Amino acid sequence: MIIVDRIEENKIAVCEIDDNKMVDIPLSKISKGVHEGDVLIDERGDGTFYTVDVEKTAQNRAEITELFERIKAKNKRT
């Protein structure tokens with residue numbers, strides 16, 4: 001899985017790959033509208049063009065929100 005960690009200088013997406021390795025991907029190789037936290041798909045399998053996996057991105061965001069809410073609820077009890 002490729003997840004956008006941050007965007008630097010509006011030119012580079014710094015991304016985390018499965019093994020926690022960080023790689024830089026030029027925004028010119030990614031579909032328009034990419035944001036931090038988006039999951040990317042290597043469309044051609046050769047690293048020349050990426051698109052946002054909308055479904056996986058939404059799933060990841062929902063899981064993070066659920067975890068955050070559980071942590072908040074736990075902290076309120078203590």
Side-chain angles (χ1 to χ4, degrees):
M1 184 179 326
I2 305 167
I3 301 174
V4 178
D5 181 67
R6 64 186 179 277
I7 297 175
E8 293 185 344
E9 300 177 10
N10 215 16
K11 294 180 182 179
I12 300 289
V14 179
C15 301
E16 182 179 343
I17 299 181
D18 288 327
D19 58 5
N20 295 324
K21 179 180 173 186
M22 302 304 278
V23 296
D24 294 346
I25 301 174
L27 289 181
S28 61
K29 291 186 174 188
I30 304 173
S31 60
K32 301 269 188 233
V34 66
H35 300 290
E36 294 173 354
D38 285 348
V39 176
L40 301 180
I41 301 169
D42 184 350
E43 279 297 319
R44 300 175 185 145
D46 61 2
T48 59
F49 189 72
Y50 300 84
T51 57
V52 175
D53 184 333
V54 176
E55 185 176 312
K56 187 65 177 167
T57 296
Q59 180 182 356
N60 281 1
R61 288 193 173 131
E63 289 172 7
I64 290 167
T65 299
E66 179 183 334
L67 178 60
F68 182 69
E69 292 301 322
R70 284 189 293 168
I71 290 169
K72 281 187 358 184
K74 183 178 179 181
N75 286 338
K76 283 183 179 180
R77 287 184 262 148
T78 57

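Values reported hereafter were calculated over all heavy atoms of this structure, with side chains retained and with hydrogens, waters and symmetry mates removed. All residue numbers refer to positions in the sequence shown, counting from 1. Quantities reported herein were computed from a predicted structural model and do not represent experimental measurements.
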Do [X] and [Y] sit in one hydrophobic cluster, given that two such residues count as connected whenever their side-chain heavy atoms are within less than 4.5 Å of each other, even indirectly?
{"X": "Val4", "Y": "Val23", "value": "yes"}
{"X": "Val52", "Y": "Tyr50", "value": "yes"}
{"X": "Ile12", "Y": "Met22", "value": "yes"}
{"X": "Ile17", "Y": "Ile30", "value": "yes"}
{"X": "Ile7", "Y": "Ile3", "value": "no"}

Can you tell me how far [atom2] of [Y] sits from [atom1] of [X], rounded to the nearest 0.5 angstrom?
{"X": "Lys29", "Y": "Phe49", "atom1": "NZ", "atom2": "CZ", "result": "11.5 Å"}
{"X": "Ile25", "Y": "Leu40", "atom1": "CD1", "atom2": "CG", "result": "5.5 Å"}
{"X": "Ile64", "Y": "Asn60", "atom1": "CD1", "atom2": "CG", "result": "6.0 Å"}
{"X": "Lys21", "Y": "Cys15", "atom1": "NZ", "atom2": "SG", "result": "12.5 Å"}
{"X": "Arg70", "Y": "Glu66", "atom1": "CZ", "atom2": "CD", "result": "5.0 Å"}

Using modelled atom types only, decide if a donor and an acceptor are shared between the side chain of [X] and the backbone of [Y] within a distance under 3.5 Å.
{"X": "Asp18", "Y": "Met1", "result": "yes"}
{"X": "Thr51", "Y": "Ser31", "result": "no"}
{"X": "Asp38", "Y": "His35", "result": "yes"}
{"X": "Asp42", "Y": "Gly47", "result": "yes"}

message = Within the supplied structure, the quantity of interest is the number of heavy atoms (other residues, nucleotides, ligands) at a distance under 6.0 Å from Glu69 CD; does it exceed 12?
response =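 Check passes, neighbour count above 12.
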task = Step through the shown structure and confirm whether more than 12 heavy atoms of other residues, nucleotides or ligands are within 6.0 Å of CG on Asp19.
result =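 More than 12 within 6.0 Å, yes.
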ask   = Does the pair Arg61/Glu63 count as a salt bridge with the N-to-O cut at 4.0 Å?
value = no
query = Mind checking whether Glu8 and Val14 have side chains closer than 4.5 Å, heavy atoms only?
reply = yes
